[in-house]
Structures are given as structure tokens and as C-alpha cells.
There are 2 protein chains.
Amino acid sequence: MGLTKSEIFTNEQNQIASLAKAFAHPARVAILQHIINSNTCICGDLVDEIGLAQATISQHLRELKNIGLIKGNIEGTSVCYCIDENNWTEAKHIISQFLDYESKNTNCC
Amino acid sequence: MGLTKSEIFTNEQNQIASLAKAFAHPARVAILQHIINSNTCICGDLVDEIGLAQATISQHLRELKNIGLIKGNIEGTSVCYCIDENNWTEAKHIISQFLDYESKNTNCC
DNA sequence: TTCTTTTATCGTAATATTGCAATATAATAA
DNA sequence: TTATTATATTGCAATATTACGATAAAAGAA
């Protein structure tokens, strides 16, 4: 047990859940907000601004990169991270569509 | 370790992460979609329609109820679950606002 | 009352996540 | 070359999540 039964759900359900999981930790939310709001997006800056160890930040960055929300460009010894705009927009659409429902069941509950 | 350091993040960051966590499992996405799309929202129907044990569905329902996305009304021996429209709308706004960013850094990366 | 139905909770095993020290890797500087 | 700097990876401990059988609780039926 303890293993999510992905195979019994639709691709859409699994995709929504995967995207939501990327946003489901405050450190990753903070990382994304920092990348969005600052003009620089150097990994080391994130370590300074967020109070977590370098290894931890790097791990969260990898998760965000794996799901495609950010991408990293090597600049000398540093890495500049930024939002992958295409994937971000797609993610926004998928989640918005899921959240955007018009109530039909005014008689229920 | 293994404990999220909530205290180093803003309330907004923690709130976004908590909401996202509710959507971060396909079973909960499926439950919400079923509640939204069907006219009935009886717990037992969800157990039949989704291929998970009754205890597991009940556990997911509790998580969704705890965060306020759904509410349950007792109807005889069954429980009718439905979306908490006010909280759902609020959650939608919080997440949409987070996802809705206009790119400023065309020169970055 | 007892039986049935429905949902919730408990207990537990398996797996996943979080966090960090230590270390490895890669690029540049001296 | 050897240092230095920045990031990634490894390994591990602590905690959280997922899933389900067993059982409890609550309401109605017999």
C-alpha cells in the first residue's frame, strides 16, 4: 500500500494532480514567486532569500524543472532559472478549467 | 526532518500550497469531478464509481471537507456531499491569482 | 429489540516527501 | 595546474501520505 493507483484514473485527473503537487509545497510556491517577481533568477539567490539549505532548494528546483514549469540556463558557474512560459500557460489553462465550474445542483445538499 | 518549515513562509504561500495539496491526488480530483458532474453526491456512489476501498474514499472526503472545499449533509444512513461554493470560489481566486502572471523578464534566460 | 445499510475511524504496512550534511561535479580564476 | 565558486547528487533520518481490512457508530427496517 501507500502507492497511488494512477491506472484507475483518467489522464486528465492524473495530470491535474501532478500539476497541483508541484504547487503543493510552500517552498516551491516561494521559489516560483521569487522567479516571477525578481529580474534575476539565480539559484544561489533563492537559497539566500528562502531559509532552506542549498540541497533542499536544489531538490525543489529539480521537481519544478521535471514537471516543466521552469527551465534553467547555465551562466558560468551559476544557473539562471526562469518560468517556462508555454508550459506555465498550459498548466494555468488545465487548472483553471478544472476550477471553473458553474453550479448546476442548486437542489443538492 | 521530513517536516515542512511552514513558519519561514508567508501565509499566502502556505495557503496556496495547502489548497494545491487538496488537488494533488487523482482520487480527490475524481471525487470533486463526480460531485460536480452528477446530480447525486452520495459517498457510496463515489466508492462504486472510483475503484478504491470505502475507507480510502472516506479518508479523501475528510481531507476535502477539512480544507473546506466540500460539505456533507446526512440523509438517513447516507451522506450527501457537495461543493462548498463560497470556499470553492475563494480557492479558485487564490490559485488563479497565483497562476496569472504577466511576463516581465523577456531578457532573462 | 435485532438486523441491515451506510459512513467514519482505527490500526497498520507500504510508499513518498522533506530536509540537510557530505560529497561530487562543472565552470571559472589564480 | 590548483583553488574557488556554484549547483547537483547521494545517503539518510524524520515525517507524511496512501491504501485497506477490521471495526465502530448511526440511522432506518424488520
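Every chain is numbered from 1, with letters handed out A, B, ... down the list of sequences. What you are looking at is a predicted structure, and each value in this text was computed from that prediction instead of being measured.
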Applying side chain to side chain contact (heavy atoms under 4.5 Å, CB included), name anything that partners B:S18, two or more places apart in sequence or on another chain.
B:I67

Using a cut-off of 4.0 Å on non-hydrogen atoms, how would the nucleic acid contact of B:L52 be classed: base, sugar-phosphate, or nothing?
sugar-phosphate

Only distances under 3.5 Å count here; give the side-chain donor-acceptor pairs of residues 87-100 of chain A to other protein atoms, sequence neighbours excluded, each with its distance to 0.1 Å.
unit_1: A:N87; atom_1: ND2; unit_2: A:G68; atom_2: O; d: 3.1
unit_1: A:N87; atom_1: ND2; unit_2: A:D84; atom_2: OD2; d: 3.3
unit_1: A:W88; atom_1: NE1; unit_2: B:L99; atom_2: O; d: 2.8
unit_1: A:T89; atom_1: OG1; unit_2: A:E85; atom_2: O; d: 2.8
unit_1: A:K92; atom_1: NZ; unit_2: B:D100; atom_2: OD1; d: 3.2
unit_1: A:S96; atom_1: OG; unit_2: A:K92; atom_2: O; d: 2.7
unit_1: A:D100; atom_1: OD1; unit_2: B:K92; atom_2: NZ; d: 3.2

What is the distance, to the nearest angstrom, from the CD1 atom on B:I50 to the C1' atom on D:dT18?
14 Å

Each nucleotide of nucleotides 6-11 of chain C classed B (base within 4.0 Å of a protein heavy atom), S (only sugar-phosphate) or -, in 5' to 3' order, makes SBBB--

With sequence neighbours left out, what residues match B:E63 under salt bridge (charged side-chain N to carboxylate O under 4.0 Å, His left out)?
B:R28

Applying side chain to side chain contact (heavy atoms under 4.5 Å, CB included), can you list everything that pairs with B:A20, at least two apart in sequence or on another chain?
A:F23, A:A24

Suppose we screen for side chain to side chain contact (heavy atoms under 4.5 Å, CB included). Which residues come up paired with B:S78, at least two apart in sequence or across chains?
B:I42

What nucleic acid atoms does B:I74 come within less than 4.0 Å of, heavy atoms only: base, sugar-phosphate, or nothing?
nothing

Looking at DNA chain D, which of residues 13-30 of chain B put a heavy atom within less than 4.0 Å of it?
B:K21, B:H25, B:R28

What is the separation between atom CD1 on B:I57 and atom C1' on D:dT18, rounded to the nearest whole Å?
12 Å

If you pin A:G76 and A:A53 to their nearest nucleotides in DNA chain C, which one's is more 5'?
A:A53

Of all residues at least two apart in sequence or in a different chain, which pass the side chain to side chain contact (heavy atoms under 4.5 Å, CB included) check with A:S58?
A:Q54

Given atom CG of B:N73 and atom P of D:dA27, what is their separation to the nearest angstrom?
14 Å

If the condition is side chain to side chain donor-acceptor pair (under 3.5 Å), which residues does B:Q59 pass it with, not counting sequence neighbours?
none

Find the distance A:L46:CG to D:dA8:C1' and express it as a whole number of Å.
15 Å

Would you please name every residue forming a side chain to side chain donor-acceptor pair (under 3.5 Å) with B:Q33, sequence neighbours left out?
A:Q13

Among the nucleotides D:dT18, C:dC20, D:dC20, which one has an atom lying closest to any side-chain atom of A:T4?
D:dT18

Based on Watson-Crick and G-U pairs with both distances under 3.5 Å, what dot-bracket line describes DNA chain D 5' to 3', crossing pairs as [ ] and inter-strand pairs as |?
||||||||||||||||||||||||||||||

Kindly state each residue pair satisfying salt bridge (charged side-chain N to carboxylate O under 4.0 Å, His left out) with at least one member in residues 3-26 of chain B, sequence neighbours excluded.
none

How many Å lie between CG on A:D48 and P on D:dT7, as a whole number?
9 Å

